Amino acid sequence: MAGAVGRGVTWQRAAALCGGAVLLIAACGGGAGTAHPTSGDSGSSASGPAGTAAAPAPLSQPRAREAVLTPEDLGAGWEAKKLEDVPLKNRSPSAAGAEEGTGRDGGDEGDATTGDADCDAALLHPSGTIEPVSDARREFDQDGTGVSLSAEVTAYRGDGAERTLEQARALGDDCGGLKVPWEDGTAATFTRVSTADRGDETVGVRMVLHSDDVYATKEGTVDTVAVRVGHDLVTLSFTIVNGTTDAETVDEVTRLAAERLRSMNHP
């Protein structure tokens, strides 16, 4: 289902900042999820305690495909779409700006200006190259709720997974409560969302994109939870389309996804 708010502002582009690797189903409509915003997050530090074993190598593409949630994992009430291989792109400032754009307003390079130095820094792409080595995704629709789910597994070289989560964390913390200018008069707001402790690190971010025009007021909500296990991330984006979701659903799906990813790391 495709949608947009204002000319050229797709929800995929608007929410791509959340979790770094997220490519979302388009969403347009009212209704926000009921997961509880918070200033905290869960999980251990990226380096882990001294003396622990080194993280396994990043997942290969076949293993990343196996790590993505399946229809059997979620069971009845979810309609699954085809498993997709996501094209690999270096996530550096120059590559991201040239290949995708951000949908943000505020200058020739599309960098938003909120007037808050910390938030503006968080909105920039991370310095240096974040290099994924594998990436696979499956999308789901939840029956009768107006909720869509994008479940994506991405493996990174080096500290790419940790840096991706750092950016998501900064968005929720440094941009919390601020309106981020988007294209054609739209605005995005980011807040942190409470998450259970899964994997090595877990970060949750809510993005609300809002538009007032002469025809209608439109609002869409995306709750994104990213779980890191070693060099690998599973990113779950719940896009609300004229409906609601709840913290219990988000937590259960996150638990299933984290367990599946960990089973690929530690078979």
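Residue numbers count from 1 along this sequence. Note that the structure is predicted; figures quoted are calculated from it, not measured.
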For this session: Find the distance between CG (L69) and CZ (R138) and round it off to the nearest 0.5 Å.
Result: 8.5 Å

For this session: For the pair E252 and R255, find out whether any cationic side-chain nitrogen is under 4.0 Å from an anionic carboxylate oxygen.
Result: yes

Problem set entry | Passing option when V250 is tested against V225, T195, V193, V147 for side chain to side chain contact (heavy atoms under 4.5 Å, CB included) | V225

For this session: Using atom types as modelled and distance alone, determine if a side-chain donor or acceptor of Q61 lies under 3.5 Å from a backbone N or O of D135.
Result: yes

Problem set entry | side chain to side chain contact (heavy atoms under 4.5 Å, CB included) assessment of T70 paired with R260 | CA-CA 10 Å; T70 69; R260 190 171 185 90; 3.4 Å; yes

Seminar exercise, completed: Value for CD (E79) from CZ (F140), rounded to nearest 0.5 Å, stands at 10.5 Å

Exercise. Taking all non-hydrogen atoms of both residues, which atom of A188 and which atom of L209 are closest, and how far apart?
Worked result: CB-CD1, 3.7 Å

Exercise. With no hydrogens and no angle check, is any side-chain donor or acceptor of D174 less than 3.5 Å from a backbone partner on L171?
Worked result: no

Exercise. Are V234 and L83 in one and the same hydrophobic cluster, where Ile, Leu, Val, Met, Phe, Trp and Tyr link if side-chain heavy atoms are under 4.5 Å apart?
Worked result: yes

Problem set entry | Exercise: do S237 and T224 side chains pair donor with acceptor under 3.5 Å | yes

Problem set entry | Check ion pair D251-R198 (N to O, under 4.0 angstrom) | yes

Exercise. After noting the C-alpha distance and the side-chain angles of W78 and D143, does the key distance pass the side chain to side chain contact (heavy atoms under 4.5 Å, CB included) rule?
Worked result: CA-CA 6 Å; W78 291 90; D143 295 344; over 6 Å; no

Seminar exercise, completed: Here the gap from R63 atom CZ to S134 atom OG, rounded to the nearest 0.5 Å, amounts to 11.0 Å

For this session: Please report the shortest heavy-atom distance between P58 and D232, naming the atom on each side.
Result: CA-OD1, 3.6 Å

Exercise. Is there a path of hydrophobic side-chain contacts, each under 4.5 Å between heavy atoms of I, L, V, M, F, W or Y residues, that connects L165 with V133?
Worked result: no

Exercise. Hey, does T221 have a side-chain heavy atom less than 4.5 Å from the side chain of R206?
Worked result: yes

For this session: Give, for atom CG of D200 and atom CD of E162, the distance between the pair rounded to the nearest 0.5 Å.
Result: 8.5 Å

Seminar exercise, completed: Correct closest heavy-atom pair for G158 and H231 would be O-ND1, 3.0 Å

Exercise. Can you tell if the side chain of E259 reaches within under 4.5 Å of the side chain of D73, non-hydrogen atoms only?
Worked result: no

For this session: Report yes if the side chains of D141 and L149 come closer than 4.5 Å at any heavy-atom pair, otherwise no.
Result: no

For this session: Rounded to the nearest 0.5 Å, what's the gap from CD on E72 to CG on L256? Could you check?
Result: 12.5 Å

Exercise. Just wondering, do V180 and F190 contact through their side chains at under 4.5 Å, heavy atoms?
Worked result: yes

For this session: Decide yes or no on side chain to side chain contact (heavy atoms under 4.5 Å, CB included) for T249 and Q142, but give the supporting numbers first.
Result: CA-CA 11 Å; T249 297; Q142 189 177 30; 4.2 Å; yes

Problem set entry | E201 side chain near V227 side chain, heavy-atom distance below 4.5 Å | no

For this session: Could you check D223, V222, T189, T191 and say which one makes a side chain to side chain contact (heavy atoms under 4.5 Å, CB included) with V208?
Result: T189

Exercise. How long is the span from the CD atom in E139 to the CD atom in E152, to the nearest 0.5 Å?
Worked result: 9.0 Å

Exercise. Nearest heavy-atom pair of P132 and L88: which atoms, and what distance?
Worked result: O-CD1, 4.0 Å

Exercise. Do L178 and L123 belong to the same hydrophobic cluster, where Ile, Leu, Val, Met, Phe, Trp and Tyr are linked whenever their side-chain heavy atoms lie under 4.5 Å apart, directly or via other members?
Worked result: no

Seminar exercise, completed: What one should report as the nearest heavy-atom pair of A226 and T235 is CB-OG1, 4.1 Å

Exercise. Can you check whether D85 reaches R65 side chain to side chain, under 4.5 Å on heavy atoms?
Worked result: yes

For this session: Indicate the atoms forming the closest heavy-atom contact of T114 with K179, along with that distance.
Result: CG2-O, 3.8 Å

